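All remarks here apply to the structure that follows.
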Amino acid sequence: MTSTPRWRQVAAATGLLSDDGTIAQTIFAEMTVLANRTGAVNLGQGFPDVDGPDYVKEAAKAAIDAGRNQYAPGDGVPELRHAIADHQRRRYGLDVDPDTEVLATTGATEALTAAILALTGPGDEVITLEPYYDSHAAAIAMAGATHVPVPLTADLRLDADALRAAATDRTAMILVNTPHNPTGTVLTRAELEQVAAVARERDTLVLTDEVYEHLVFDDAVHVPIATLPGMAERTLTVSSSGKTFSLTGWKVGWMHGPADLITAVRTLKQFMTYTSGSAFQPAIALALADEETPRALAASLAERRDLLCAGLERAGFDVVVPQGTYFVVADGAAHMERLGLEDGHELCLRLPELVGVVGVPVSAFCRPGSTAAQTMRSRVRFTFVKQPEVLRDGIERLAALTR
Ligand SMILES: *Cc1c(COP(=O)(O)O)cnc(C)c1O
């Protein structure tokens with residue numbers, strides 16, 4: 001008997017394995033190709049169209065000129081590890097030892113994948129919320145673990161009963177993502193207490209993806225689950241400079257947690273990339289002391305969110321107003337019915353030619369046929385991390401749907 005190669009398992013887990021065995025491109029690639037071919041406004045892929053601060057870019061250039069061009073230490077350069085520990089203490093009151101409890105990584109992606117590979121395996125169950133970020137499902141498949149997605153409610157909140165019912169003796173890890181991509185949901189302290197209670201009762205690890213920690217709006221507060229009672233000892237907290245400082249291409253991310261768990265993850269990470277970004281790490285260390293840049297970004301994103309949400313409502317979509325991230329989930333059921341379309345995927349395939357806008361179906365972040373996929377079937381994720389004029393152009397085009 002031959003086993004299914006791991007890469008095919010990853011393709012299957014991320015919805016890329018077609019019935020005929022061929023490998024499809026990701027929905028993001030598919031929609032970006034469509035946007036480029038049709039000249040549509042791309043509100044599908046979530047990356048900023050304005051770079052992060054000049055002084056951070058200058059610091060990276062200076063680091064290159066100062067000769068910081070060879071391998072950085074595998075844990076990350078000391079000034080970055082200290083800056084991460086300072087950031088966590090200053091913002092959240094978390095006590096983090098920069099020498100034993102921090103690992104700089106190649107983006108949050110490497111931190112998440114290395115942690116899942118290091119700490120889970122065949123026979124283990126890993127719980128995530130559903131919809132989920134695609135790399136989470138891919139990493140669980142790479143580890144050979146079993147992914148147990150727990151659907152969010154229709155109004156995009158945690159379903160604590162569903163979470164409790166999903167947890168078993170085999171649950172090795174609960175993977176949390178707040179602020180949440182693709183929904184923009186910011187889990188409240190009360191919701192996180194419920195996650196924490198299940199983790200403690202079942203004695204699971206918690207891996208938390210907090211890459212949008214600074215991008216919260218209105219009166220929403222980002223609460224790291226590691227700050228809840230009894231949680232620091234079982235939690236690995238992951239974040240990244242990409243979203244916070246609009247430098248997604250630099251891929252400077254990190255993880256912190258108990259020294260024994262960090263040692264476990266480092267053991268794998270050192271044979272994945274070993275290290276990366278030796279000139280970018282000191283620049284991000286500098287940026288992490290800066291509270292103003294992320295605050296200004298969050299304020300401007302809140303305005304752009306309002307702009308896009310109002311435009312979507314006028315264009316006949318029902319939106320759940322997000323309290324964080326770059327994204328809003330909009331329900332296109334009314335349009336689908338009128339146009340005789342099956343689901344959000346079909347709507348997204350038609351939107352570029354119909355009105356010249358690209359979005360991403362939320363079902364792409366769900367397991368095919370799942371409860372969540374059903375709840376989300378008519379919903380589309382749009383990004384608002386674009387210049388206001390780009391958003392206004394997109395909104396104007398979407399308005400044509402109602403004419
Ligand atoms: C963008 C994103 C990541 C990836 O972060 P990198 O630092 O670019 O690797 C991880 N998780 C979520 C939820 C994201 O949206």
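Keep in mind it's a predicted model, so treat the numbers as computed, not measured. Note: hydrogens, waters and symmetry copies are ignored here, and every other heavy atom, side chains too, is used. One-based numbering, in listed order, for ligands and for the atoms of each.
Contacts with ligand 1 closer than 4.0 Å are made by side-chain heavy atoms of K251 only, the backbone lying farther away. Within the 4.0 Å heavy-atom criterion, the part of N181 lying near ligand 1 is the side chain and not the backbone. In K243, the part holding a heavy atom less than 4.0 Å from any atom of ligand 1 is the side chain.
Ring centroids of F327 and F384 are separated by 6.0 Å or more, keeping the two rings apart. Taking the six-membered ring wherever Trp is involved, the centroid distance between the rings of H222 and Y212 does not fall below 6.0 Å. Ring-centre distance between H214 and H87: below the 6.0 Å cut-off. Here Y55 and F245 keep their ring centres 6.0 angstrom or further from each other.
With R379 contributing its side chain and V329 its backbone, the two residues share no donor-acceptor pair below 3.5 Å.
Heavy-atom distances between Y326 and ligand 1 stay at or above 4.0 Å for every pair.
Shortest contact from atom 4 (C) of ligand 1 to any protein heavy atom: T109 OG1, 3.4 Å. The single protein non-hydrogen atom nearest to atom 7 (O) of ligand 1 is S240 OG, 2.6 Å, given as residue, atom name and distance. Ranking the protein heavy atoms by distance from atom 3 (C) of ligand 1 puts Y133 OH, 3.4 Å first.
Annotation: cation-pi geometry satisfied between K386 and F47 (NZ/CZ under 6.0 angstrom from ring centroid, within 45° of ring axis).
With atom 11 (N) of ligand 1 as the reference point, the heavy atom nearest to it among N177, D209, L247, T113 is part of D209.
In this structure, the separation between NE2 on H136 and CG on L175 is 5.0 Å, given to the nearest 0.5 Å.
The atoms of ligand 1 that sit less than 4.0 Å from any heavy atom of A108 are 5 (O), 6 (P), 7 (O), 9 (O). Shown in contact with Y212 at under 4.0 Å from a heavy atom are these atoms of ligand 1, numbered in order with element: 13 (C), 14 (C), 15 (O).
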